[in-house]
Amino acid sequence: KINQYSFESENEITTVYNEVMNIDFIVNSIKTKEWKKNKEDLESLVSFLSQTLQIKIEKILRNKSEFLAKDIDQYIEEVSKTFDFSKNINLKGIGSFNVKGAFFAGLAGLATFGALGIWATIVAAGSNLGAYILLAQGVSVLSALGISLGGTAAVATAVSTIGGPVTIGIVLSIIAALSVFAFLAGGWEKRIAIKIIDEFNKQNASFKYKELVKEFWKDTEDAFIVAADEIEKKWNEYVEDLRKKVNSYSVEEIKSLKKEAENLLNFMKGI
């Protein structure tokens, strides 16, 4: 799915790039915003076109990320079924293995999440965070996403890889090239549009946008692999913990564990 969304994103970027880098679109933008033949308006025009591209690309990535979030939920649901042994073994009072919590905790410590940032924010906004916070520095995931634990979640956008130095470099280069462009009378809007499209193409803008998007989905793939591996790691720890408990015939130890669990429950209720 990640590879599919990456491929689709690139194709859709080609479409929106051609929509914006279009003579009629640029000419209509100039007339609608009543820009004149001066340096300030020219800079505004180029910045507007760059921002328009950025917004459209961010929208593409956000939509794909939301699709992936549903795929991740389905993946976790299927994995959870393979770990559910409670129906086959008569053990009462044994808590089930938290696959989603383990996956979420696996994102801890990662510098970038790619599209999984959207999934994490959806989980954080719509779930009781307690189970995730208690697992392997899950709190660091929330901090990285800009989520405050002290009140209503303030979710920062996860799609922030588009733009930055690459986009700024493109804009500055185009503005520099156009600043010496001769503003001739009559039909200057069309001449400017042609020149801008030419400069964007010279800067290989479409390719650079696609490279940023490829990096976004590569970050997504890397984050997914780490989080999926964490499920197996946590499962092995969980089974080992159960093995120790099952092999322990000490009534006092069991009572002690029960008391610890009650204290933790009271603590969480207090929060």
Side-chain angles (χ1 to χ4, degrees), residues 5-67 111-115 117-118 121 145-146 154-220:
Y5 294 142
S6 178
F7 178 76
E8 290 176 356
S9 296
E10 287 188 58
N11 287 339
E12 290 180 27
I13 285 171
T14 298
T15 300
V16 299
Y17 181 84
N18 291 334
E19 288 175 355
V20 176
M21 289 298 111
N22 174 277
I23 293 175
D24 290 338
F25 178 83
I26 296 174
V27 170
N28 289 336
S29 297
I30 293 172
K31 292 180 178 179
T32 300
K33 296 184 178 294
E34 299 182 348
W35 279 319
K36 307 301 181 185
K37 296 184 292 182
N38 57 62
K39 186 174 181 294
E40 290 74 20
D41 282 3
L42 177 60
E43 291 176 352
S44 297
L45 170 60
V46 175
S47 296
F48 165 75
L49 295 174
S50 176
Q51 186 180 42
T52 301
L53 278 171
Q54 182 173 327
I55 291 172
K56 287 179 177 291
I57 293 171
E58 285 184 352
K59 184 177 180 181
I60 290 171
L61 292 186
R62 178 165 289 277
N63 288 340
K64 301 297 181 188
S65 297
E66 289 174 354
F67 288 142
T112 55
F113 310 105
I118 293 289
T121 56
L145 291 170
V155 180
T157 177
V159 186
S160 58
T161 59
I162 303 302
V166 174
T167 304
I168 293 172
I170 292 172
V171 174
L172 292 178
S173 297
I174 292 172
I175 289 175
L178 290 175
S179 63
V180 295
F181 185 72
F183 293 99
L184 302 175
W188 66 272
E189 295 94 346
K190 184 176 181 179
R191 275 191 279 270
I192 285 291
I194 293 172
K195 184 64 177 175
I196 287 176
I197 294 171
D198 183 52
E199 289 298 329
F200 262 86
N201 291 337
K202 278 184 181 179
Q203 291 297 322
N204 214 3
S206 179
F207 173 79
K208 290 178 180 177
Y209 284 126
K210 289 180 182 179
E211 285 300 297
L212 287 170
V213 168
K214 281 183 181 179
E215 184 179 339
F216 174 85
W217 288 110
K218 181 63 171 62
D219 289 342
T220 303

**Item:** Euclidean distance, T220 OG1 relative to K64 NZ, rounded to 0.5 Å
**Value:** 13.0 Å
**Prompt:** Is the shortest distance from a Lys or Arg side-chain nitrogen in K31 or E189 to a carboxylate oxygen in the other one below 4.0 Å?
**Reply:** no
**Message:** Classify the ring geometry of Y5 against W217: parallel below 30°, tilted from 30° to 60°, perpendicular beyond 60°.
**Reply:** tilted
**Asked** After noting the C-alpha distance and the side-chain angles of E8 and N11, does the key distance pass the side-chain contact (heavy atoms from CB on, under 4.5 Å) rule?
**Response** CA-CA 5 Å; E8 290 176 356; N11 287 339; 5.8 Å; no
**Prompt:** With side chains defined as the heavy atoms from C-beta onward, is the minimum distance between L45 and I192 less than 4.5 Å?
**Reply:** yes
**Separation of Y209 OH from S50 OG (nearest 0.5 Å)** = 4.0 Å
**Asked** Can you find a pair of side-chain heavy atoms, one from E58 and one from L61, that are under 4.5 Å apart?
**Response** no
**Request:** With the side chain counted from C-beta on, respond yes when T14 and K210 share a heavy-atom pair under 4.5 Å apart, and no when they do not.
**Result:** yes
**Asked** F48 and K33: which non-hydrogen atoms are nearest, and at how many Å?
**Response** CE1-CE, 3.5 Å
**Fill in**
Taken to the nearest 0.5 Å, the spacing of R62 CZ from I118 CD1 works out to 3.5 Å
**Request:** For S44 and W35, work out which heavy atoms get closest and say how close.
**Result:** CB-NE1, 3.7 Å
**Prompt:** Is there side-chain contact between F113 and S65, with at least one heavy-atom pair below 4.5 Å?
**Reply:** no
**Complete:** d(M21 CE, L49 CG) to nearest 0.5 Å is 4.5 Å
**pair F25-T52: side-chain heavy atoms closer than 4.5 Å** = yes
**Asked** Does a side-chain heavy-atom distance below 4.5 Å link E211 with K214?
**Response** yes
**Request:** Calculate, to the nearest 0.5 Å, the distance between atoms CD1 and CD1 belonging to I196 and I23 respectively.
**Result:** 11.0 Å
**Close side-chain approach of K37 to D41, heavy-atom, < 4.5 Å** = no
**Item:** For the student: nearest non-hydrogen atoms of I13 and V213, plus distance
**Value:** CD1-CG2, 3.0 Å
**Prompt:** Can you tell me how far CD1 of I60 sits from OG1 of T15, rounded to the nearest 0.5 angstrom?
**Reply:** 7.5 Å
**Message:** What I'd like to find out is whether the side chain of Y17 reaches to under 4.5 Å of the side chain of N201, using heavy atoms alone.
**Reply:** yes
